[in-house]
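All remarks here apply to the structure that follows.
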Amino acid sequence: MIEVKNLTKVYGNHIAVDHVSFTIDPGKIYGFLGPNGAGKTTTMNIITGCLAATEGTVTVDGHDIFEEPIQAKKIIGYLPEMPPLYMDMTVKDYLRFVAEAKGVAGKQIEAEVARVMKKTAVTDMRLRLIKNLSKGYRQRVGLAQAILGDPKVIILDEPTVGLDPQQLIEIRDLIRELGHDHTVMLSSHIMQEISAVCDMILIISNGKLVAEDTPENLEQLAQHEQTMKLTVHAGEAKTKKIVGTLGAAVEIRGMKAISDNETELEIGILTEEDVREKLFYAFAEAKCAIVSMVREKQSLEDVFLSLTRVDAPEAKPASAADKGGVA
Amino acid sequence: MTAIFKRELKSYFTGMMGYIFIAFVLLFIGIYTSALNLKYAYPGFEYVISSSAFMFLITVPVLTMRVFAEERKQSTDQLLYSLPISVMDMVLGKYLAMVVLLTIPMAITALYPLLIGTFGTVSYATAYSSLFAFYLLGCALIAIGMFMSSITENQIIAAVMCLGTLILCYLMTALSQLITSTSLASTLSLMVVALLVSLVVRLMTKSWTAAGFTAVVTFVPLGLLYLISPTVMEGAFTSALSALAIFDRMDSFTGGIFDLTGLVYFISVAALFCFFTVQAVEKRRWS
């Protein structure tokens, strides 16, 4: 549906988006995740034709956004970060203007405006001036504007910012509903939000795409790497020695002496095998007691954090073999 | 384009802007009409036109300052960029809405010569050709103001830049007479302008090569022309400046001449600045 190739955007000497490539398949909800300033908004602005790329191409349903902008933009509905609303218009007038500009046929404008107002629950506000609406309602009017004209692709830039919990649930439900017959791409810097509604997750950091996978696969990726927290009755040097006997599969990530004879340590386990038993016997042989041992399961959040760490090791696009296995 | 045009035109009348603009234009022309035509009983409406042209110095910046600057400030320009309409349609839609807004008081003013005609002999041809030129002058100035609004996101800056430009155009003839028209002075003044143009090129392209090229291309012919035949350069700067005196193009119309070059001039200025606006709006996407 959307094909992004080698997209690069340079502002002065700052690289906002750095050779990003991905494909968006029809009929799925894509989550675009990254910390603030990672390049999410820039990428979305380029896809929707609001911004020109320094390098690379974006093709929407076969139409290049730079070569055939009109055809490409007809397929896209876009809600930017700040809902682009004319404050001195009523909700209905505003939506009618957008419908006209999107080329909705004259007779269908009324029905289409009524449909999107109902869908985003702003019908009661239709005669109010937009400047008198609350943040949540403005966000919804922005969303209504994006889904007007039933575009095949809907792109939402941080659609849930500033909403109260109730509205959050409503908007999420609405996005899920839209996902049934549209391709949806939404951005966020909150992992839970993305994993709650998306079929596919794209993680971007410092302008680079660092992961592209289903939430399930990313979660599996997380489990490959387990960490353990232990408290043992042994000195630091001794602890180090004992852990060292277990080989390269185990590495010490952090160590803190609580007293002469008690150490807290965090270890990373690089294999999938369960090393808890080995650890127990290793310490038992040295006559050191393990007083606590906790295995920490990594969550999606941790994957996100580790992938987007500023000093993250050279990012490898963690694309699973069965790309798009979950629909 | 029609969607933008309709929205813009409607927005003038949902707020106060449209009404104030129309009222102000009518008030101004009304004052001159009652003074010249009614009190002093001049039969010619063209005097009113030529006296009230400077009203555009105030009304045009106020009308045009918000047209693009506000969109940027409110970030509604993102909506316009993402809609399936070309930048050209966007600019023309907005421009035509302002032109239509100007048409309303002009249409009302068009009744004045008829009214005056009931009490005496009025040269309708002169009156209406002056009014027509006046209208075209307004359209050209609106295009200039629109361009100023498209290069900033601050309405006040847009208004001040527009006002400055219009005042400069208004006073251009008087200003150009301050400069001595000897051959050397003309050549040097033109060279200073060429230098300024090169600096602007440098600022816009960030390339010294392009700036240097512009400087050489402009300096060499000027210098050669001065060396070969100094008489050609006599008064060249003054006439170059008076070509910018857009308000003075009205004079032949109010003097009773239907000046085709004047019409072409007004329409060219309007088209040129619409084109510049398209480029300025388009450029924003590339920044």
Side-chain angles (χ1 to χ4, degrees), chain A residues 9-12 41 44-54 60 63 65-66 68-90 93-94 96-104 106 109 129-131 141-142 145-146 148-149 151 153-155 157, chain B residues 1-21 65-94 96-97 153 155 203-207 278-287:
Chain A
K9 178 74 187 175
V10 181
Y11 291 111
T41 300
M44 287 185 148
N45 273 341
I46 296 174
I47 293 176
T48 52
C50 294
L51 204 64
T54 313
V60 184
H63 303 288
I65 191 80
F66 310 114
E68 305 168 278
I70 308 280
Q71 285 92 325
K73 284 173 186 173
K74 273 190 180 148
I75 305 166
I76 302 179
Y78 181 38
L79 169 65
E81 210 169 0
M82 288 253 294
L85 307 171
Y86 289 105
M87 294 299 161
D88 55 354
M89 288 176 100
T90 63
D93 280 347
Y94 171 73
R96 206 182 287 170
F97 156 65
V98 177
E100 264 178 60
K102 282 192 177 181
V104 177
I109 288 179
L129 287 180
I130 291 176
K131 66 179 161 202
V141 176
Q145 164 273 120
L148 249 174
V153 184
I154 296 167
I155 296 184
D157 196 357
Chain B
M1 188 178 94
T2 43
I4 302 266
F5 170 74
K6 273 158 73 179
R7 197 207 80 77
E8 285 289 315
L9 196 58
K10 213 174 161 187
S11 81
Y12 288 119
F13 294 103
T14 48
M16 295 293 285
M17 194 59 228
Y19 298 105
I20 291 179
F21 177 80
M65 65 179 191
R66 47 156 289 285
V67 64
F68 278 98
E70 198 188 25
E71 300 262 4
R72 269 171 83 167
K73 192 111 202 168
Q74 306 272 0
S75 71
T76 44
D77 56 341
Q78 287 218 315
L79 173 70
L80 300 182
Y81 283 131
S82 68
L83 288 173
I85 36 177
S86 67
V87 174
M88 176 78 115
D89 285 345
M90 195 159 112
V91 170
L92 283 183
K94 281 173 173 288
L96 288 182
E153 59 182 85
Q155 295 190 30
L203 278 178
M204 281 169 74
T205 61
K206 297 191 174 65
S207 139
V278 172
Q279 297 306 311
V281 173
E282 194 78 67
K283 185 194 165 283
R284 248 215 94 200
R285 291 202 299 167
W286 292 89
S287 60

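Interatomic distance, OG of B:Ser82 versus CD1 of A:Ile76, reported as 8.5 Å (0.5 Å rounding). With values rounded to the nearest 0.5 angstrom, A:Asp88 atom CG is found 11.0 Å from B:Lys10 atom NZ.
Minimum heavy-atom separation, A:Cys50 to B:Arg285: O-CG, 3.4 Å. Taking each heavy atom of A:Lys73 and B:Pro84 in turn, the nearest pair found is CB-CA, 3.9 Å.
Residues A:Met89 and B:Arg7 meet the side-chain proximity criterion, which asks for heavy atoms closer than 4.5 Å. Counting heavy atoms from C-beta on, the side chains of B:Gln78 and A:Thr48 never come closer than 4.5 Å. Using a 4.5 Å heavy-atom cutoff, the side chains of A:Tyr94 and B:Leu79 are in contact.
Proximity to chain B (any heavy atom under 4.5 Å) is shown, for A:Phe97, by both the backbone and the side chain. Using a 4.5 Å cut-off between heavy atoms, A:Ile70 touches chain B through backbone and side chain atoms alike. For B:Glu70, no part lies near chain A; criterion is any non-hydrogen pair under 4.5 Å. With a 4.5 Å cut-off on non-hydrogen atoms, A:Ala53 touches chain B through its backbone but not through its side chain. Contacts of B:Ser75 with chain A are made by both backbone and side-chain atoms, with heavy-atom separations under 4.5 Å. At a 4.5 Å heavy-atom cutoff, A:Gln71 makes no contact with chain B through either its backbone or its side chain. Proximity to chain B (any heavy atom under 4.5 Å) is shown, for A:Pro80, by both the backbone and the side chain.
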